[in-house]
Number of protein chains: 2
Amino acid sequence: MSLRMALLGVLSAYGSASGYDLTKGFERSVAHAWQAGHSQIYPELAKMTADGLVTVEAEGARGRKIYSITPEGRAELRAWLIGHDPTGPARSEIALQAFLLPLLDPGEALAVLERLKTYAERKLAELEALWAAKHASPVPEGTSGVRFGDLALDLGIRHTRTTLQWVNDAMAQLERRA
Amino acid sequence: MSLRMALLGVLSAYGSASGYDLTKGFERSVAHAWQAGHSQIYPELAKMTADGLVTVEAEGARGRKIYSITPEGRAELRAWLIGHDPTGPARSEIALQAFLLPLLDPGEALAVLERLKTYAERKLAELEALWAAKHASPVPEGTSGVRFGDLALDLGIRHTRTTLQWVNDAMAQLERRA
DNA sequence: GATTGACATGTCAGAACTTACATGTCACCT
DNA sequence: AGGTGACATGTAAGTTCTGACATGTCAATC
């Protein structure tokens, strides 16, 4: 269901887009909130068309199909946003490795943490670059006067910063014991 | 693969356990890092037995099967921890709703944020209770001198606090505009 | 003696997801 | 004219995950 809502949402923000656009859009903007490859997106768009949530507005060059959201699609999205109780992320390999870390001796554990740190630093840089790029050029605003995706991006940046701080503290703690 | 590693890890920490124990253990301790229900755990244990990573050490009352990790299992787990590049969480309904929030008008958006806040508060209370419970009674330490799962739990608590702070700031921002 | 509820293990259908395969268009460069 | 690479859409096989169904044991309560 969530993939559906993500697609409806991005389509709603873009006005109209092709499956290809949506795939790229996912890579760029929604990636930190929801991931999906084209092999998941194309079939889902077909199903959503069958369900009347989106329509093929036009067919462009190179077989390009331009989708747009229907009133039913808009209604479904609204209902989900307002009525659905969301859950936080259920699976994180980082958290899992953190969980299992005490199985290793301090030297090895430190090496694993070092890698987690690299990961977090790279990710933070990516997200901050995205933020900077977004705020350099004007972007459509939503009904609430907030730029589209800004809240989620902010959340992603904060989470990544928290991870980074955690990894630093964990390393310091381990070094104290070694 | 990650489910496998989570099971090997918990088994390694517990010494030995049944599928039922592992299911409960997942609910209690690893839930914030990796989730799995019994319908996933039982078949996976069977496969792991076939692959020689765990063995049925004994069969207890009520058809209870007690598993323990084999040297091969231990090796596999170590190799994964040391060699596998982990990824952060890929999907979060919370982040997705945050992303889509600008589709709603300020009043509705505020209501959604209110719900996210409740979610984060409840989760934080849960995790902190878990922490308190763990630190009230002695728990086996790992090789690195750190209590099992403490690092991951700490990470979970920090992430939840970050989410809570974010939601408060987002609400304040929206209220300023309304 | 019957019922309730935690203990305990499984299967199955369907949904969601990943990875690889497959095909073709169009613009630009050499 | 040929090659490269971004554009563009799909399919298929296999894995993972969810939610529901199914079955039986044992201890304690009523």
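Quick caveat: nothing in here was measured; it's all calculated off a predicted structure. Labels below follow one simple rule: chain letters A, B, ... track the order of the sequence lines, proteins then strands, and each chain is numbered from 1.
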Any side-chain N or O of [X] less than 4.0 Å from the OP1 or OP2 oxygen of [N]?
| X | N | answer |
| --- | --- | --- |
| A/K65 | D/dG10 | yes |
| A/R91 | D/dT18 | yes |
| A/Q40 | C/dT18 | yes |
| B/Y20 | C/dC7 | yes |
| A/R62 | D/dC7 | no |

Nearest-Å distance for atom pair [atom1]/[atom2], residues [X] and [N]:
| X | N | atom1 | atom2 | answer |
| --- | --- | --- | --- | --- |
| B/W34 | D/dT18 | CH2 | P | 10 Å |
| B/M1 | C/dT18 | CE | P | 16 Å |
| B/K47 | C/dT9 | NZ | C1' | 17 Å |
| B/Y42 | D/dA20 | OH | C1' | 16 Å |
| A/Q35 | D/dT16 | CD | P | 17 Å |
| B/L45 | C/dA8 | CG | P | 14 Å |
| A/L7 | C/dC17 | CG | C1' | 14 Å |
| A/L3 | C/dG14 | CG | C1' | 16 Å |

Along DNA chain D (nearest heavy atom to each residue), the more 5'-positioned of A/K24 and A/A90: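 Whichever sits nearer the 5' end wins; that is A/K24.
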Please classify the nucleic acid contact of A/S39 as base, sugar-phosphate, or nothing, using heavy-atom distances under 4.0 Å.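 Touches a base.
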Tell me what B/G37 touches on the nucleic acid: a base, only sugar-phosphate, or nothing, going by heavy atoms under 4.0 Å.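 The answer is nothing, as B/G37 stays clear of every strand by at least 4.0 Å.
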Test log, rule salt bridge (Lys or Arg N to Asp or Glu O under 4.0 Å), inputs A/E126 and A/K123: CA-CA 5 Å; A/E126 257 172 48; A/K123 176 139 192 183; over 6 Å; no
May I ask whether B/V56 and B/L45 are part of the same hydrophobic cluster, defined by side-chain heavy atoms of I, L, V, M, F, W, Y residues being less than 4.5 angstrom apart, directly or through others?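 Yes, one cluster joins them.
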Measuring from B/Q97:CD to A/D85:CG, what's the distance to the nearest 0.5 Å?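 Nearest 0.5 Å value for the CD-CG distance: 8.0 Å.
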I need the minimum non-hydrogen distance between A/I82 and B/V112, along with the two atoms involved.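 So the minimum-distance heavy-atom pair works out to CA-CG2, 4.2 Å.
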Side chain proximity check, B/H84 to A/E93, heavy atoms < 4.5 angstrom: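 A side-chain contact exists here, since the closest heavy-atom pair is under 4.5 Å.
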